[in-house]
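Notes to accompany the following structure.
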There are 2 protein chains.
Amino acid sequence: MEMDERKATILQAIIRNYLETGEPVGSRTISKYTDLNLSSATIRNEMADLEEMGYIIQPHTSAGRIPSDKGYRFYVDTMMEAKDREISEMKKVLIERQDKLEDMLKGVVKLLARDTQYASLITAPSISMNKLKFVQLSRIDDEHLLAVIVKEGNVIRNKVIETIEPLSEETILKLNLMLNTQLSGMSMDEISLSMITGLKVQAGSHSSVIADVIDAVAEAISAEEDLKVYTSGTNNILKYPELSDNSEKAGHLINTFEEKEGLEELMSTELSGDDGTGIQVYIGSENKVEGMEDCSVVTATYELGGGMKGTIGIVGPKRMDYDKVVGTLKSLKSGLDDLYKKDN
Amino acid sequence: MEMDERKATILQAIIRNYLETGEPVGSRTISKYTDLNLSSATIRNEMADLEEMGYIIQPHTSAGRIPSDKGYRFYVDTMMEAKDREISEMKKVLIERQDKLEDMLKGVVKLLARDTQYASLITAPSISMNKLKFVQLSRIDDEHLLAVIVKEGNVIRNKVIETIEPLSEETILKLNLMLNTQLSGMSMDEISLSMITGLKVQAGSHSSVIADVIDAVAEAISAEEDLKVYTSGTNNILKYPELSDNSEKAGHLINTFEEKEGLEELMSTELSGDDGTGIQVYIGSENKVEGMEDCSVVTATYELGGGMKGTIGIVGPKRMDYDKVVGTLKSLKSGLDDLYKKDN
DNA sequence: TGTTAGCACTCATTTAGTTAGAGTGCTAAC
DNA sequence: GTTAGCACTCTAACTAAATGAGTGCTAACA
């Protein structure tokens, strides 16, 4: 049995209808809905075939059909028509150009949640540059030293270091000079053990401070921590009976969003079937995050330039308005991408 | 009509029973539950009185009674016996002494949520000292300057400032010296306009940089931003039918927790009736945050020393195990308070 | 005067039974 | 290959009756 054009039309009609109503779709509905001019009986025959092929499912004997994961996948891959969506508010948010990246991300993800009515998330663009630009030590008081670590891309980290004995301004100046001549421009794997011991020897009695500083540098440089995830509209999960009827599952999902467990992986694994648009769709069990078997996830990768890539996406029920969501994500993605182009 | 001892005993029995079962409590139950040796008929008379006085409510004619807000309040104020609770895990979390305050707070709030099974939140200790310790300008590259602002209490803020023209190392050194001799030790309201203009004049051609730096200082010094709230266990809201049956309301609550709207106020308003334990209970409509009319909120103020006060608390249904919650909060509060004492 | 037994009454919840309707699969005719 | 027709299935909605917990009130009792 193979998929012919008529079967595809019928499948499309079933899915469209099911997305709209959420009710199983019967043969009579399709008979009227499509312009194939076929009677319900004929449709029934075709539907039996589609069920055999695994595209649709019958919840119980005397009900209509609903799409299976395979059915959704077919729809998304071949029949979806992404609606172009103008996010008018977006421009405001982006043009205001909040100087804190964090605020911008929060704004965008909030916008996405409001527009789609699905739980939304965004990852901060991850910095692939992990080189140290410079370190700046300053004396805070007799027991505390401040280490400011500036990475390539002007990402800044602070660390307060406790000192055993007070350090004079001159010593600090000397340490600063020493650290920067040796370390600046380095990435973590370039900083060898011998360099560290060398520095310690040079520092003499202050070697423990140097050790602490290098620890701080190492921590700051390893970029993992930067994979921060912001969420918005988690409460939308409750709007979809498929997800909220089982409050056990809904609670688990909400918890996942609050604790951000596993969301990084969700947002970072790239599906092989990426079609170049940067949009990816994961349907039901295609999704490997625990508790999301009944969800679909749609993500888009955006790029702020300089290799800074982040991901923005939504999590919703399998019965979701894919066309709208993909359209919205495309629009947001291009908005974010443009941000960089304009900037330069 | 006044509250005598017997009425109080009966009220207590009603509330205790209702907290356990969640079902309206009838006269017969009380007759057996208490050791007053009264028949159900007598209890009924007393219950009629209690209802007239506003301590209990009858959901419908032929049902038992449930406590009103006023009833809960009476219970909490005069009859509650906080169970002493040992949070064994807590020591681990606190002793590990995560060097980042943020991680510690997240750990504590997670613990609270796990222990109580209620939605939990914690505010970072707010720094009441808003004096500037020092400013440190560093050159990042030709167009960017880094301003590190250190406040009393060693709270640190960074700000990248764009410069119109490249600044030499000497200029930056000079600006640093100038800023610190003038500004260090100052609070915002001590920094007068004339001082600022004075600085600008001194800076000559670099006055715009000075303006930017002072803006950054002003922003950093105003402590508002420090009132960060961390949450955990929001999903517990779904565990309590009183809150989750109406998924509209539950969604709103979850949203409040995600966006942290209004939670700062919730955690910072101190009830007049504070009894010196630092524990506060808000029942139902006593609570002024939107959407929390059906909740009770219990908070505890902790102090990390040096005037750094924060608040930790839970939000749950009015029918909550007050004894347990208050016990847990007391335990956590004293754990946090001790943290500081040990430290010094 | 406070307490209790008894009784009629109320009302939410449960249970069972019925009905209505949507949809199917299959067969036979077109 | 398509369609009309029919028997069948199963859910959802509705109705009616039974259940039972709990009340308020009255009258009797100590």
Side-chain angles (χ1 to χ4, degrees), chain A residues 1-11 13-18 20-68 71 241-242 245, chain B residues 1-11 13-18 20-68 71 241-242 245:
Chain A
M1 182 116 24
E2 80 254 6
M3 174 72 71
D4 57 19
E5 194 171 335
R6 193 168 76 177
K7 281 191 174 51
T9 312
I10 292 172
L11 178 56
I14 292 173
I15 296 180
R16 284 265 163 78
N17 198 288
Y18 182 68
E20 261 181 50
T21 65
E23 299 289 316
V25 187
S27 53
R28 253 202 101 215
T29 316
I30 300 302
S31 169
K32 286 186 290 183
Y33 196 98
T34 61
D35 44 3
L36 288 170
N37 280 326
L38 293 173
S39 78
S40 59
T42 313
I43 304 288
R44 273 205 290 284
N45 290 329
E46 296 286 34
M47 279 165 88
D49 290 351
L50 283 169
E51 180 161 16
E52 205 186 323
M53 292 191 280
Y55 291 104
I56 52 181
I57 289 172
Q58 211 171 2
H60 57 264
T61 341
S62 73
R65 309 300 215 284
I66 62 174
S68 67
E242 298 95 315
D245 274 359
Chain B
M1 184 113 22
E2 81 253 6
M3 173 72 70
D4 56 19
E5 194 172 336
R6 193 169 77 178
K7 281 192 174 52
T9 312
I10 292 171
L11 178 56
I14 293 172
I15 295 180
R16 284 265 162 77
N17 198 288
Y18 181 67
E20 261 180 49
T21 66
E23 299 290 316
V25 188
S27 52
R28 252 201 100 220
T29 315
I30 300 303
S31 169
K32 287 186 289 182
Y33 195 99
T34 61
D35 43 4
L36 289 170
N37 280 326
L38 293 172
S39 78
S40 59
T42 314
I43 304 288
R44 272 205 289 286
N45 290 330
E46 295 288 33
M47 279 165 86
D49 290 352
L50 283 169
E51 179 160 16
E52 205 185 323
M53 293 191 279
Y55 291 103
I56 51 182
I57 289 171
Q58 213 171 2
H60 57 264
T61 339
S62 73
R65 309 300 215 286
I66 62 174
S68 68
E242 297 96 314
D245 274 359

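A note on names: the letters A, B, ... follow the listed sequences, proteins ahead of strands, and every chain is numbered from 1.
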- Message: Applying side-chain contact (heavy atoms from CB on, under 4.5 Å) to A/Ile30 and A/Ile10, what does each step give before you reach the verdict?
- Response: CA-CA 7 Å; A/Ile30 300 302; A/Ile10 292 172; 4.2 Å; yes

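Residue A/Arg65 places at least one side-chain N or O under 4.0 Å from the OP1 or OP2 atom of C/dT24. In this model, the phosphate group of C/dT4 is approached by a side-chain N or O of B/Thr42 to a distance below 4.0 Å at OP1 or OP2. Residue B/Ser27 places none of its side-chain N or O atoms closer than 4.0 Å to OP1 or OP2 of D/dG22. Remark: A/Arg44 is not in phosphate contact with C/dA22, judged by side-chain N or O atoms under 4.0 Å from OP1 or OP2. Here B/Ser39 does not reach the OP1 or OP2 of C/dT3: none of its side-chain N or O atoms lies under 4.0 Å away. For C/dC11, the OP1/OP2 oxygens have no side-chain nitrogen or oxygen of B/Ser62 closer than 4.0 Å.
Taking atom CE on A/Met47 and atom C1' on C/dA22, their separation rounds to 12 Å, with Å as the unit. Distance B/Glu51 CD to D/dC25 P: 12 Å, rounded to the nearest Å. Counting to the nearest Å, the P atom of C/dT24 and the CG atom of A/Leu50 are 12 Å from each other. In this structure, B/Ile14 atom CD1 and D/dT23 atom C1' are separated by 14 Å, rounded to whole Å. Rounded to an integer number of Å, the gap from A/Glu52 CD to C/dT24 P is 16 Å. Atom pair A/Asn45:CG and D/dG5:P shows a separation of 17 Å (rounding to whole Å applied). Rounding to whole angstrom units, CG of residue A/Leu38 and C1' of D/dA4 are separated by 15 Å. Across the protein-nucleic acid pair, A/His60 atom NE2 and C/dG25 atom P stand 12 Å apart, rounded to whole Å.
Minimum atom distance to the side chain of A/Gln58 is reached by C/dT24, of the listed C/dG23, C/dT24, D/dT9.
Residues A/Lys7 and A/Glu46 share a closest heavy-atom pair of NZ-OE1, 2.9 Å.
No side-chain donor-acceptor contact under 3.5 Å links B/Ser27 to the backbone of B/Ile43. Side-chain atoms of B/Ser40 never come within 3.5 Å of backbone atoms of B/Ser31 as a donor-acceptor pair (strictly under, hydrogens ignored).
Residue-to-nucleotide proximity on DNA chain C shows that, of A/Ala41 and A/Thr29, the 5′-proximal contact is made by A/Thr29.
Pair assignment for C/dG17: D/dC14, on the basis of Watson-Crick or G-U wobble contacts that are both within less than 3.5 Å. Summarising the base pairing, C/dC26 is matched to D/dG5 through a Watson-Crick or G-U wobble pair whose two defining distances lie under 3.5 Å.
The shortest distance between side-chain heavy atoms of B/Val25 and B/Arg65 does not fall below 4.5 Å.
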